[in-house]
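A quick write-up on the structure given underneath.
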Number of protein chains: 2
Amino acid sequence: MTQPTRTAPVVRQAVVLSPMQVPKASDVLASELRERILRGEFPEGSALPPERELVTQTAMSRTTVREALRILEVQGLVRIKTGRAGGAFVTRPGQESVASSVNLLIRGGHLRMSALLETREGIEPVCARLAAVHRDDEDLERLEQANDAISVDTGSLADFLQANVDWHIAVAVASHNELLTGFMLALSRAIYAATDNQRFIDADVRRTAVKAHKTITQAIRDRDPEAAVRRMNRHVHGYAEAVKAVEDRVEIEVPDSPPAPRQARRRAPARSTAARTTRGSGGA
Amino acid sequence: MTQPTRTAPVVRQAVVLSPMQVPKASDVLASELRERILRGEFPEGSALPPERELVTQTAMSRTTVREALRILEVQGLVRIKTGRAGGAFVTRPGQESVASSVNLLIRGGHLRMSALLETREGIEPVCARLAAVHRDDEDLERLEQANDAISVDTGSLADFLQANVDWHIAVAVASHNELLTGFMLALSRAIYAATDNQRFIDADVRRTAVKAHKTITQAIRDRDPEAAVRRMNRHVHGYAEAVKAVEDRVEIEVPDSPPAPRQARRRAPARSTAARTTRGSGGA
DNA sequence: GGTGGCCATTCGGTCTGACCTTTGGTAACT
DNA sequence: AGTTACCAAAGGTCAGACCGAATGGCCACC
């Protein structure tokens, strides 16, 4: 029995309530639209109702509606065009959106270079295997074209690295697996960005890379998955080892400079991968 | 010489200008803030200036500022809290953001189940290898706990699948590689969601899975990468084969229905993974 | 001496209504 | 027939107001 005293200590029934969250209006609308889009209710390329129309339909303010559309845009579900006949056009989220989020994870997480390389060592052989299985003639052409570009001895370091990335991405594309492609896209770019100032890329390294690429391409052409895996494994592993060796040396040379200049240099090559993150059309 | 006729045809100097894009104000601000955050200018957990302050600093309208903050929120770079001491707090984009974008790619891209399985077949062995190398005692405990949960014969199908996913995710976590973990997170959930109504999961299948998990866990415990890879490979491959066999049968049973119901099946289980995509806290 | 109630303050969230810019179409003009 | 000018539709931006939620301080009441 509870104590029969006056002002009995209130026996609080432990009403277990989880924190509870009140979703924002724009989130609600965004979720609703997202579900409908994913459900295929709007065919790809079709336009959502104009903002002002959504306002009347949803009884929300234009601010809210716009915010919702903005969310969907960032998630890569719609592309917004201005002008007459503009509006929010449904679009399939592609590799780019995966790539950009992986990119954020890499850059924001302060991931060690070794983690990147380790991941690539794991994934790229898989890409090579699938490429050997699924490749078509177009893929082959891309591979050869990229490797031709690498072979040019006269190119600058940036050119070499770019062509190198292109080849690796071509392998991923040849796998005909969008998930892996998106992943490799971000990974390659990140490794590229982190490597561009390493001096260890000399003519010798280039030749080795070109040769490795050739044999891997050949395996892919021959539809020989096992060979592709094996060779890619060796190639990527060798690269990782080389980088690791240099990293150790560099770690000692460069004390610790303030972060700012490191960033400034990074956007040098061509398109800054970061600014274009929410917009469409990347580079593959 | 140009023709000296009256009303001489104006020789338009071909001023070659590339298309040029006018970025939106909010995008500019978002990019600026994003770069600063990624550069580590704001330590994690610290708060950005309040909206109204940003308004005065940037000479933009509050609408614009809010849109920019919203973009960063969707990208997982800040978390916005309401109330007095509220504001935009810097946060590291984690696996969740990768998982959610992969999730969108999967659901929006109408990926075939086979592509998912193929990807998993490729990646999960890699996770197993890394797990065998990097695991710590905590990881082991998670693995065993998850597999214990699976072993309970009395559990419902949903329970089994959930515990199954938990185990697989535990392997990814044990790899101590955030990239792979995020990737597998999305992948596992997607496969889970696509599998939940398959009838081929009987007691026999369960026992097989539990046994496989046990041997793999053992390899990880023993820090034996090769064994881990081999066993995981077999396990995942077997699973894929089983699913494929069932899929083929199902494919025949269900003639070819319009895309809508096929999607509807996918969202059956419990929490709709999509609605929670922008908010925090998933399920791992 | 806490406990609870009650502001005031400082945030983000939403709404309103206006105006600007871009873009496509179309009619007038040469 | 080709240009040009203009209009309409749609997104982009802005200013200002008000609402609601969290916090911190203060004070009365057990």
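Small disclaimer: the values here were computed from a predicted structure and weren't measured. In what follows, every chain begins at residue 1, and chains take the letters A, B, ... in the order their sequences are listed.
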Polar atom pairs between nucleotides 12-14 of chain C and protein, under 3.5 Å, N or O only, would you list them?
unit_1, atom_1, unit_2, atom_2, d
dG12(C), OP1, Glu51(B), N, 3.3
dG12(C), OP2, Glu51(B), N, 3.2
dG12(C), N7, Arg52(B), NH1, 2.8
dG12(C), O6, Arg52(B), NH2, 3.2
dG13(C), OP1, Lys24(A), NZ, 3.0
dG13(C), OP2, Arg66(B), NH2, 2.3
dG13(C), O5', Arg66(B), NH2, 3.3
dG13(C), N7, Arg62(B), NH2, 2.9
dG13(C), O6, Arg62(B), NH1, 3.2
dT14(C), OP1, Ala25(A), N, 2.7

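- Going from atom CZ of Phe89(A) over to atom P of dT23(C) covers 13 Å, rounded to whole Å.
- With hydrogens and angles left out, the side chain of Arg84(A) and the base of dT23(C) share no donor-acceptor pair within 3.5 Å.
- Side chains of Ser188(A) and Arg120(A): a donor-acceptor N/O pair is absent below 3.5 angstrom, by distance only.
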Taking N or O atoms only and anything under 3.5 Å, show me the protein contacts with nucleotides 26-28 of chain C, one pair per line.
none

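- Between Glu67(B) and Arg62(B) no salt bridge is recorded (no basic side-chain N to carboxylate O distance below 4.0 Å).
- For the residue pair Glu53(A)/Gln57(A), the side-chain donor-acceptor check at 3.5 Å is satisfied.
- For His176(A) and Asp139(A), the side-chain atoms include at least one donor-acceptor pair closer than 3.5 Å.
- A distance-only check finds a donor-acceptor pair linking the side chain of Thr181(B) to the backbone of Asn177(B) [under 3.5 Å].
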Chi angles and distances behind the side chain to side chain donor-acceptor pair (under 3.5 Å) call for Thr63(A), Arg66(B)
CA-CA 10 Å; Thr63(A) 318; Arg66(B) 296 196 87 251; over 6 Å; no
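- If you check the side chains of Ser26(B) and Arg70(B), you find no donor sitting under 3.5 Å from an acceptor.
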Take Ser97(A) and Ser100(A), measure what side chain to side chain donor-acceptor pair (under 3.5 Å) needs, and give me the verdict at the end.
CA-CA 5 Å; Ser97(A) 67; Ser100(A) 88; over 6 Å; no
